[in-house]
Amino acid sequence: MIASRRLRPRGEAPRHALPAHDETIARLTDGERAIAAQVWHGRAEAEARASGAFLHVAAILERAGAAPELVVLAWRAVDDERRHAQICAQVARACGSTAPVLRLPVSIPRHDGADAELRRVLHVIGMCALNETCGSAFLELCRDGATAPLAAAALRELLADEIDHARLGWAFLAAQDRSTKATIGAWLPRLLDGNLRAWRHRPRRAITPALVAQGCPDWDEVDRAILAAIEDLLLPGFDHAGLDTRAARAWLAEAA
C-alpha cells in the first residue's frame, strides 16, 4: 500500500474526543444496559467486517483503473471502518460489554449469473451506493433519537464518514458506460432485495425510550427508515445516473 492511498493513520482516534463518562448509562436497568452493550458490540463487529469489505472495493477500483481520488477514498474507508469499530466498542464497553470484537470473515456476494467483471462492479455498487446510503439513513435515525452524550457523540463520528463512503459508490456508478448501466439496472431488484433482507435479518429486542436515547432505535422504525431511503434516495439516485428503475420500483411496491 503506497503512502498516497492513506489520508489518516491506521487506527487514529475520533476527530472529536468522546465523553469519558456518561451518567445516563448508570440509570439504565440491568436489562437495558445488557441490550445496549449487545447492540453496540454488534455494530463494532459489523464495522470491522466493513473494513475488510472495503479492502476488496479498493482492490477492484485499482484493477479497474478508477479515478485516483476514488481509489484514495476507498483506502481511507478501510481505516474509517476500523476506527468506527473502535468507537462502537468503546460505547459497548461503557455499557458493560466484556466481549472481544471478533474479526469475522468478510462475505462477498456471489451474484449468481454474473461474470467476474460484473460481479466486481456489482460489489462496489452494493457495498457503497446501497449499503452506505442505507447505513447513513440508519445512523441518522439513531442519531435523531440519541440524547445520551456518549452515544450521540459516537453516532456523529460514524455518520460523517458513511456519507463519504456512499458518494464513492455513486461516483463509481456515474463513470460506467451505457451498456454496463443497463445491466446494473436489470440487477437492481436483486441488489435491493439482498440489501433489505440483510437489514431485516436482525435480532428483535425490547427497545425502550431509554435505549432509543442510547442510539438503539426500534426495528420497526429502522425498517421504515430503510424503505424510505430506498424510495427517496436510492431510486432517484439511480434514475439520475441513467439506470432503468422500473423493475426496481415494482419490487419496492411488493417489499414495502
Does the side chain of [X] reach to within under 4.5 Å of the side chain of [Y], using non-hydrogen atoms?
{"X": "Asp80", "Y": "Trp75", "result": "no"}
{"X": "Asp161", "Y": "Arg83", "result": "yes"}
{"X": "Cys95", "Y": "Val39", "result": "no"}

Problem - For Asp144, salt bridge (charged side-chain N to carboxylate O under 4.0 Å, His left out) partners two or more places apart - result: none
Fill in the blank from the handout: salt bridge (charged side-chain N to carboxylate O under 4.0 Å, His left out) filter on Glu140, not counting sequence neighbours, yields none
By side-chain contact (heavy atoms from CB on, under 4.5 Å), which residues pair with [X], not counting sequence neighbours?
{"X": "Asn131", "result": "Met127, Asn195"}
{"X": "Pro149", "result": "Pro19, Asp22, Thr24"}
{"X": "Ala99", "result": "His41, Ser97"}
{"X": "Ile163", "result": "Ser136, Leu159, Arg167"}

Handout entry: Leu173 vs Phe238, side-chain contact (heavy atoms from CB on, under 4.5 Å): CA-CA, chis, key distance, verdict
Key = CA-CA 9 Å; Leu173 174 59; Phe238 290 131; 3.6 Å; yes
So which heavy atom on [X] is nearest to which on [Y], and how close?
{"X": "Cys128", "Y": "Leu168", "answer": "SG-CD2, 3.9 Å"}
{"X": "Val91", "Y": "Ala154", "answer": "CG2-CB, 3.8 Å"}
{"X": "Glu157", "Y": "Ile87", "answer": "CB-CD1, 3.8 Å"}
{"X": "Ile230", "Y": "Pro236", "answer": "O-CD, 4.3 Å"}
{"X": "Trp187", "Y": "Gly113", "answer": "CZ2-C, 4.2 Å"}
{"X": "Ala137", "Y": "Ala229", "answer": "CB-CB, 3.7 Å"}

Practice task
Let me see the working for Thr183 and Leu118 under side-chain contact (heavy atoms from CB on, under 4.5 Å), right down to the final yes or no.
Solution key: CA-CA 9 Å; Thr183 302; Leu118 179 59; 3.6 Å; yes
Shared hydrophobic cluster, [X] / [Y] (ILVMFWY, side-chain heavy atoms < 4.5 Å):
{"X": "Leu227", "Y": "Leu130", "result": "yes"}
{"X": "Trp40", "Y": "Leu139", "result": "yes"}
{"X": "Val212", "Y": "Leu158", "result": "no"}

Qualifying salt bridge (Lys or Arg N to Asp or Glu O under 4.0 Å) pairs, either residue in [range], two or more places apart:
{"range": "residues 199-214", "result": "Arg200-Asp223, Arg204-Asp220"}
{"range": "residues 118-134", "result": "Glu117-Arg120"}
{"range": "residues 239-256", "result": "Asp239-Arg249, Asp244-Arg246"}

Problem - Transitive ILVMFWY cluster of Val101, excluding itself - 4.5 Å side-chain cut-off - result: none
In Å and rounded to the nearest 0.5 Å, what is the [atom1] to [atom2] distance from [X] to [Y]?
{"X": "Leu196", "Y": "Leu252", "atom1": "CG", "atom2": "CG", "answer": "8.5 Å"}
{"X": "Arg190", "Y": "Leu122", "atom1": "CZ", "atom2": "CG", "answer": "8.5 Å"}
{"X": "Leu191", "Y": "His123", "atom1": "CG", "atom2": "NE2", "answer": "12.0 Å"}
{"X": "Leu188", "Y": "Leu235", "atom1": "CG", "atom2": "CG", "answer": "7.5 Å"}
{"X": "Trp199", "Y": "Ile226", "atom1": "CH2", "atom2": "CD1", "answer": "4.5 Å"}
{"X": "Gln214", "Y": "Ile207", "atom1": "CD", "atom2": "CD1", "answer": "11.0 Å"}

Exercise for the section: Flag the pair Lys181 and Asp177 as a salt bridge only when some basic side-chain nitrogen lies within less than 4.0 angstrom of an acidic carboxylate oxygen. Expected result: no
Handout entry: Residues, nucleotides or ligands: over 12 heavy atoms within 6.0 Å of Arg110 CZ
Key = no
In a table with atom names and distances, give each donor-acceptor pair under 3.5 Å that connects a side chain of residues 44-60 to protein atoms at least two apart or in another chain.
from, atom 1, to, atom 2, distance (Å)
Glu45, OE2, Leu102, N, 3.0
Glu47, OE1, His84, ND1, 3.4
Ser51, OG, Val78, O, 2.9

Exercise for the section: Could you give me the CA-CA distance, side-chain angles and deciding distance for Val222 and Cys142, then say whether side-chain contact (heavy atoms from CB on, under 4.5 Å) is met? Expected result: CA-CA 9 Å; Val222 173; Cys142 295; over 6 Å; no
Exercise for the section: Please confirm whether the backbone N or O of Phe172 pairs with a side-chain atom of Gln176, one donor and one acceptor, at under 3.5 Å? Expected result: yes
Donor-acceptor pairs are to be reported for all side-chain atoms of residues 27-35 against protein atoms at under 3.5 Å, with residues two or more places apart or in another chain.
from, atom 1, to, atom 2, distance (Å)
Thr29, OG1, Glu32, N, 3.0
Thr29, OG1, Glu32, OE1, 3.4
Asp30, OD1, Arg33, NH1, 3.1
Glu32, OE1, Thr29, N, 2.9
Glu32, OE2, Thr208, OG1, 2.8
Arg33, NE, Ile25, O, 3.3
Arg33, NH2, Ala26, O, 3.3
Arg33, NH2, Leu28, O, 2.6

Handout entry: CA sep, side-chain torsions, deciding dist, call: Phe138, Glu162, side-chain contact (heavy atoms from CB on, under 4.5 Å)
Key = CA-CA 10 Å; Phe138 168 69; Glu162 297 299 313; over 6 Å; no
